[in-house]
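One structure is given below, represented as structure tokens, and several questions about it will come after.
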Amino acid sequence: MRQHFRLAALGAVAALTVAVVPVSAGTSPPVVYRDATQPVERRVADLLSRMTLDDKIGQMTQAERAEVTDDPDLVTRRRLGSVLSGGGSAPDPNTPEAWAALVRRLQDAALATPLRIPLLYGIDAVHGHGSVPGATVFPHNIGLGAARDPALVERVYAATAREMLATGITWDFAPCVCVTRDERWGRSYESFGEDPALVTRLGGGAVDGLQRNGVIATVKHFAADGDTENGTGDSGYAVDQGVTVTSRADFDRIDLAPYAAAVSGHRVRSVMPSFSSVDWTEDGAGDAVKMHANRELITGTLKERLGFDGFVISDWEAIHQLPSGAGDEPSAEQVRAGVAAGVDMFMEPSTAPLFQDRLRAEVLAGRVPMSRIDDAVTRILRVKFELGLFENPYPVAGPIGTTAHRDLGREAVAASQVLLKNTGNLLPLPRDTRIYVAGRAADDIGMQSGGWTVDWQGRDGDVIPGTTILDGLRSMTSRVTYSADGSAPAAASDVGVVVVGETPYAEGFGDVGSVPWTRGTDRQREPKSLTLQPGDRAVVDRVCRAVDRCVVLIVSGRPQVITEQLGGIDALVASWLPGSEGGGVADVLFGAKPFTGRLPVSWPAAADQVPVNVGDRTYQPLYPYGWGLRPGATDALATAVDRVAAATDARSTAGERVAAGAVPDGWQSAIADAEAATESGDPTRAASLLSRLNS
């Protein structure tokens, strides 16, 4: 597996400019670590033996682009092993060529060190290379979870890798393989869903898509960040960076499972711990441990029990949240705790020099053993050699947002749409339908892309090239009337299409109940909620009263409670955060592609019902996990889409009966449990669970 990854990576970067380090002068034997024909482990050991303490500490340090761009010599002097771009941190101008030039300058500085160790450049490309305008922005993971296709996920992340390489970046802080258990969490859209089996399956596809195409994948946030309790959040947040109160058995079953598979089945090369904490119920409540100080889980579970041989990268200044003594952070105590827990590289965006000074002092004082330093550096160098960075350190700018990638994005969008309600088989629409389009999300590519697009918290408005949902609808029919607020006359239209949802947000500020993002637009500063904003509700009511038949599309990173308005809505679609290719939404509305998406999370009937998850003892959401209607699907098509004929046919029939009201109590549990059984590889149990709904 190791050789497979290395060869795949080298093949993917073959087009990059080759800058082979000279092996030696004269007739002397080659220096082992510079000899690409030598085994990786031998190269690592040879290089490690030549490194000073400062060289080693440098490899364990990652600084932010803004701290070194104006003075790349800092990379040389500090022996930095890595540089990152945080959300919204980009060169000026923000073009592929400027990114490649930036990486080249920093790589020049790294190769100016005596041992010529190349650096890694990392970025959060969590739904495409969204930091670069013009890149293909794919649906966020929650939408890919609805599509339920690991091969599609792999293709999406492979395209992301190719666009990253076009800008010289070889390390992605993705995918998030958290299992989202509370939709009040502002990062829930970064998860593939609430069922660990689904997250495990799709997370593996994401890792393969990146690593088979020359980019290091990072599974995050280890572990249980999607399972924290509301009200326990850190840094002023409601849910994010909070505490997961769980037993070790439930932790392994729900929260750890996707990481175990990423390590054992896909040999992921990087893992990022969470800001959150874990509090074991076996020990009694009240003794939670921050993950970045959790030696039991990082070293004991991840490295020893699961056999992870890549490296652990901290989150943004995460050790600054650990207990500390007096003085500037990171303190000696924080550095010592993070290293002892098993963190190998430290993301210290603006405090890299202080981190290095603290760590050097701790080693020289004997409080951090050299064996732990050598282990960390060995892991980092191993990945750099496997990636082929010593042979191919330099980028060459290439195309992004290609036609092929945008076509793939449109395909992924269509596959992610979930048809929740479809009274009278309103959808799909005939091409000659006169449609009245309204809603603030209809013509806002920033809203439909969500967070981690250009900026950390995203931006609403015209921020990236692409196709809005309105553009996509107009490409299907010329018979479109558009009124954002629904105030224009609607009598001449056959069907209203109202597109509403959430403005962009990301971690922390996206939590329901957290403080608002203060630097965004007025709309981004609106309170985050599990219900539609008042203006959105008003547009839905206005249009659905004015037009005989009404379709509502919800553009969001999580379910939005719409129970009170459901009676006036003929068709309801969960469109998630589709990204730059809104034409995929139009494809399913007009029948160019079938509806195949199924809910990756339970859709609550009321906000106070959250958290609600498949397997709960009391389970009565508005729409259960796995729900998704498919108008006009034949048995053959259903079989082709779901690949589990017995469970699929039963699910289709059950969905029709539920929509018609001909079902017994407990139908939600039957459908959700059947979906979970299918994900776990037990179609026989799934068919049995559904059979009582079809009798």
**OP:** Could you verify whether a donor N or O on one side chain and an acceptor N or O on the other, from Glu190 and His140, lie under 3.5 Å apart?
**Re:** no
Original post:
Can you tell me if Asp55 uses its side chain to pair, donor with acceptor, with the backbone of Thr52 under 3.5 Å?
Top reply: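 Yes, because the side chain of Asp55 sits within donor-acceptor range (under 3.5 Å) of the backbone of Thr52.
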**OP:** Quick one: list whatever passes side chain to side chain donor-acceptor pair (under 3.5 Å) with Ser274, sequence neighbours left out.
**Re:** Ser276
Original post:
Is the shortest heavy-atom distance from the side chain of Leu48 to the side chain of Asp374 under 4.5 Å?
Top reply: yes
Original post:
Do Tyr394 and Asp108 have side-chain atoms, one donor and one acceptor, less than 3.5 Å apart?
Top reply: yes
**OP:** Would you mind reporting whether Glu296 and Trp280 have side-chain heavy atoms less than 4.5 Å apart?
**Re:** yes
Subject >> Test salt bridge (Lys or Arg N to Asp or Glu O under 4.0 Å) applied to Arg379 - qualifying residues, sequence neighbours left out >> reply: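 Listed in chain order: Asp375.
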**OP:** For a side chain to side chain donor-acceptor pair (under 3.5 Å) with Asp309, tell me which candidate from Lys303, Arg269, Arg382 qualifies.
**Re:** Arg269
Subject >> Any side-chain heavy-atom pair of Val215 and Leu165 under 4.5 Å >> reply: yes
Original post:
Is any NZ, NE, NH1 or NH2 atom of the basic residue among Arg519 and Asp455 found under 4.0 Å from an Asp or Glu carboxylate oxygen of the other?
Top reply: no
Original post:
Quick one: do Asp250 and Arg253 make a salt bridge, cutoff under 4.0 Å?
Top reply: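 Yes, this pair counts.
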**OP:** Using distance alone, with no hydrogens and no angle criterion, decide if Ser188 and Thr180 have a side-chain donor and acceptor under 3.5 Å apart.
**Re:** no
**OP:** Return yes if a side-chain donor-acceptor contact under 3.5 Å exists between Trp452 and Gln457, otherwise no.
**Re:**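 Side-chain D/A pair, Trp452 to Gln457: absent.
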**OP:** Decide whether Asp511 and Trp185 meet the rule of one side-chain donor and one side-chain acceptor closer than 3.5 Å.
**Re:** no
**OP:** Starting at NE2 of His292, measure out to CZ of Phe222 and round the result to the nearest 0.5 Å.
**Re:** 11.5 Å
**OP:** Please determine, by modelled atom types, if Ser89 and Glu64 share a side-chain donor-acceptor pair under 3.5 angstrom.
**Re:**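 Result is yes, a qualifying pair exists.
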Subject >> Partner set under side chain to side chain donor-acceptor pair (under 3.5 Å) for Ser85, not counting sequence neighbours >> reply: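 Expected list: Tyr121.
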**OP:** Apply side chain to side chain contact (heavy atoms under 4.5 Å, CB included) to Leu120 and Ile216, showing your working.
**Re:** CA-CA 10 Å; Leu120 285 168; Ile216 298 167; 3.7 Å; yes
Subject >> Residue pair Gln356 / Thr61, side-chain donor-acceptor N/O under 3.5 Å >> reply: yes
Subject >> Distance, nearest 0.5 Å, that separates CG of Asp225 from CG of Asp240 >> reply: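 Separation between the atoms: 7.5 Å.
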Original post:
Is it true that Asp255 and Arg248 make a salt bridge, defined as a side-chain N closer than 4.0 Å to a carboxylate O?
Top reply: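 Salt bridge between Asp255 and Arg248, a charged N being under 4.0 Å from a carboxylate O: no.
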**OP:** Identify whether the distance between the nearest side-chain nitrogen and carboxylate oxygen of Arg78 and Asp73 falls below 4.0 Å.
**Re:**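 Salt bridge absent between Arg78 and Asp73.
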Original post:
Any Lys/Arg nitrogen of Arg336 or Glu333 sitting under 4.0 Å from an Asp/Glu carboxylate oxygen of the other?
Top reply: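 Glu333 and Arg336: not salt-bridged.
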Subject >> side chain to side chain donor-acceptor pair (under 3.5 Å) against Arg360, all qualifying residues, sequence neighbours excluded >> reply: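 Scan of Arg360 (side chain to side chain donor-acceptor pair (under 3.5 Å), adjacent residues dropped) gives Asp54, Asp357.
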Original post:
Is it true that the side chains of Gln321 and Gln334 contain a donor and an acceptor less than 3.5 Å apart?
Top reply: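 No, no side-chain donor-acceptor contact under 3.5 Å.
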Original post:
Got a sec: does the CG of Asp287 have more than 12 other heavy atoms crowding it under 6.0 Å?
Top reply: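 Yes, because the 6.0 Å sphere around CG of Asp287 holds more than 12 heavy atoms from other groups.
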Original post:
Is any side-chain heavy atom of Arg50 closer than 4.5 Å to a side-chain heavy atom of Leu115?
Top reply: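 In contact.
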Original post:
Any side-chain heavy atom of Gln62 within less than 4.5 Å of one from Glu348?
Top reply: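 In short, these two side chains do not touch, never coming nearer than 4.5 Å.
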Subject >> Partners passing side chain to side chain donor-acceptor pair (under 3.5 Å) against Glu317 (at least two apart in sequence or in another chain) >> reply: none
Original post:
Between Trp456 and Trp517, does the ring centre distance come in under 6.0 Å?
Top reply: yes
Original post:
Considering residues at least two apart in sequence or located in another chain, which fulfil the ring-ring contact (aromatic ring centres under 6.0 Å, His included) criterion with Phe308?
Top reply: none
